[in-house]
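So you know, we letter chains A, B, ... as the sequences are listed, proteins then strands, and number each from 1.
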Amino acid sequence: MPSNKSVSDAPITQFINCRILRDHQLQREDLWVRDGRILDPEKLFFDEQGYADKRVDCEGSIIAPGFIDVQINGGYGIDFSQASEDVVAGISFVAKKILEHGVTSFCPTLVTSPPAVYHKVLPQVKVHNGGAHGAGVLGFHLEGPFISLEKKGAHPEQFLRTFRSGGIEDVMEAYGSLDNVAMVTLAPELASSQSVVRELSKRGITVSLGHSVANLAQAEEAVKHGASFITHLFNAMLPFHHRDPGIVGLLTSDQVPAGRTVYYGMIADGIHTNPAALRIAHRAHPSGLVLVTDAITAMGLPPGRHTLGQQVIEIQGLNAYVAGTTTLCGSIATLDMCIRHFKQASDLVLLDDGLNVSATYISGDEVWRRGP
Amino acid sequence: MRLVILDEYDLASEWAAKYIRNRIIQFQPCAERYFTLGLPTGSTPYGCYQKLIEYYRSGDISFKYVKTFNMDEYVGLPRAHPESYHSYMWNNFFKHIDIDPANAHILDGNVEDLEAECQAYEQKIAEAGGIELFVGGIGPDGHIAFNEPGSSLVSRTRVKTLAKDTIVANARFFGNDLSKVPTMALTVGVGTVMDAKEVMILITGAHKAFALYKAIEEGVNHMWTVSAFQQHPRTIFVCDEDATLELRVKTVKYFKGNSNNICCHCFLLWTSRNCSQ
């Protein structure tokens, strides 16, 4: 049964016997795809009088949009913050492996590093679509170096910076180029940060607040200038206080400009935040929640010592610490693990299923399937 | 006419669906000879569509060689609107079966020239060889399709203004906001449906009882346009008990008695196993 040639020659695939995630619910509906785009089958039927060339039986599975991880520092032995000669190979390797977790696009994340690292790594990787070769790269997430000393977490102190030259000049000096950068995490209490937030937002780069001791007023100021994200809520920021909620207060702030939403990343690995805290955040601002892994080099590797940026870390079970301390430095949970943990922790009503990924599709093509 | 009375809605839907199924199968449609089916929308035929989908899924029937012509569609309502009859047919029927999209005809209420659209529709029906079986419903005001009280009983496909009764009845699909209900529709005419070889009218629910009484126990009258089918050689009214509440006991007893006698007669090619279903 061919699709209407007058509109497109491309074959149409119909996914049947599935439940799709639509309008915040699981619905028993077929999913139609052509040329990497989801079709409206009603429009196809009446306008084009077209129908499916190929049917894929999902055997009752849930079809969810491919997962997007906006904070992932590496994995499987690859550290994105290492200035290697072949950064592309490392990123491609991780991109391919994370298909198994249902991740179809991601932002390779670089922790605070010296300018030499940024100047070497950034130009090597371009934004590109995913496919059978691996998840798509949406652009780098640069976490630091313009962050707070007190909340540096696992970031190396010696490479932290301030906006001493007044703003964007420091940014360009540190990073070299902003091409292929999707997101920047900074601490808004740093002097002259407002102009940086404005300039980055203007260039289409998401500005995220994190690793900061900002109070609520400073955070709201940054949002007014264009900041729209919070890096791993609760971690590396002042705790919620009832007289000054700090960055956490953005979730219910009335100073957010109309029509804009503040999104917040949460690491739902069961270690970085208590499930009760997850629930509080979700209930306060459900539409802003973004699950991230903040996964590090060791994700996918056995316990032991590994490098992260300019530091050494130690894996113990599901925990990753700065070697010799009890400071958490990222997680080794995969994104599908985080989703399962979040579902269990929250009171979302999702139909059964262990939410185990059985197959991953990019643009309608199967790019990974779980073995028998 | 035949008046088939089932105990309740589900059984009436099943009877009607089986009748349609059997008629299509007996016809043995093929590429050179399609089965043409007229179709209604609304809450009454919903159960019937569900059953037909079930029969398709179990392999009892295919719609590959069936052409359908819907009775009506609102004027000015975007086709993708959840209450348009295009949406109704897609969600409740077409998307679940194997009908060729080119063979599913519904009037388009969003064209520039509504008159031309109506004439073209009549043309398409004629080109398809006429309608083999037209399935319809009845409004509380006794209308068939959107042939409101006062419609000519020999009318053809045309634009109609909806009656107050109809708008009120449909308001429940538009958030009970009368102002949101479309006021005009394209509809097949009474004459168009009368041209079909066979007509089957589904009527369920106590709120339709008075209309059924007017349609079959009173005279042919353009105020109750379904009454026109008293003059059609092959009409079946399929109803549930509630819809017969305004009929004479004598009428109901006669047709109930009738059903028992001719049950096995009508489906000559079917075994008794099928009759008892």
Query raised in the report: Would you say the side chain of B:Asn103 lies within less than 4.5 Å of the side chain of A:Gln49, judging by non-hydrogen atoms?
Result: no

Query raised in the report: Near A:Arg22 CZ, under 6.0 Å, is it more than 12 heavy atoms from other residues, nucleotides or ligands?
Result: no

Query raised in the report: Does A:Asn17 CG have over 12 foreign heavy atoms under 6.0 Å away?
Result: yes

Query raised in the report: Take atom OH in A:Tyr263; do more than 12 heavy atoms of anything else shown fall under 6.0 Å from it?
Result: no

Report task. Working to the nearest 0.5 Å, report the span between NZ of B:Lys95 and CD of A:Gln14. Result -> 10.5 Å

Requested in this report: Inspect the surroundings of CD1 in A:Ile16 and state if more than 12 heavy atoms from other residues, nucleotides or ligands are less than 6.0 Å away.
Outcome: yes

Query raised in the report: Do other residues, nucleotides or ligands put more than 12 heavy atoms under 6.0 Å from the CD atom of B:Glu8?
Result: yes

Report task. Heavy atoms only: give me the nearest B:Pro101-A:Phe45 pair and the separation to one decimal. Result -> CB-O, 3.5 Å

Report task. Please look at B:Asp108 and chain A and tell me whether the side chain, the backbone, both or neither of the residue comes under 4.5 angstrom of a heavy atom of that chain. Result -> neither

**Report entry** Separation of B:Trp90 CH2 from A:Leu44 CG (nearest 0.5 Å)
**Finding:** 7.0 Å

**Report entry** 4.5 Å side-chain heavy-atom contact, B:Ser87 and A:Glu42
**Finding:** yes

Report task. Measure the shortest side-chain to side-chain distance between B:Asp98 and A:Tyr51 over non-hydrogen atoms and say whether it is less than 4.5 angstrom. Result -> no

Query raised in the report: Is atom NZ of A:Lys126 surrounded by more than 12 heavy atoms (other residues, nucleotides or ligands) closer than 6.0 Å?
Result: yes

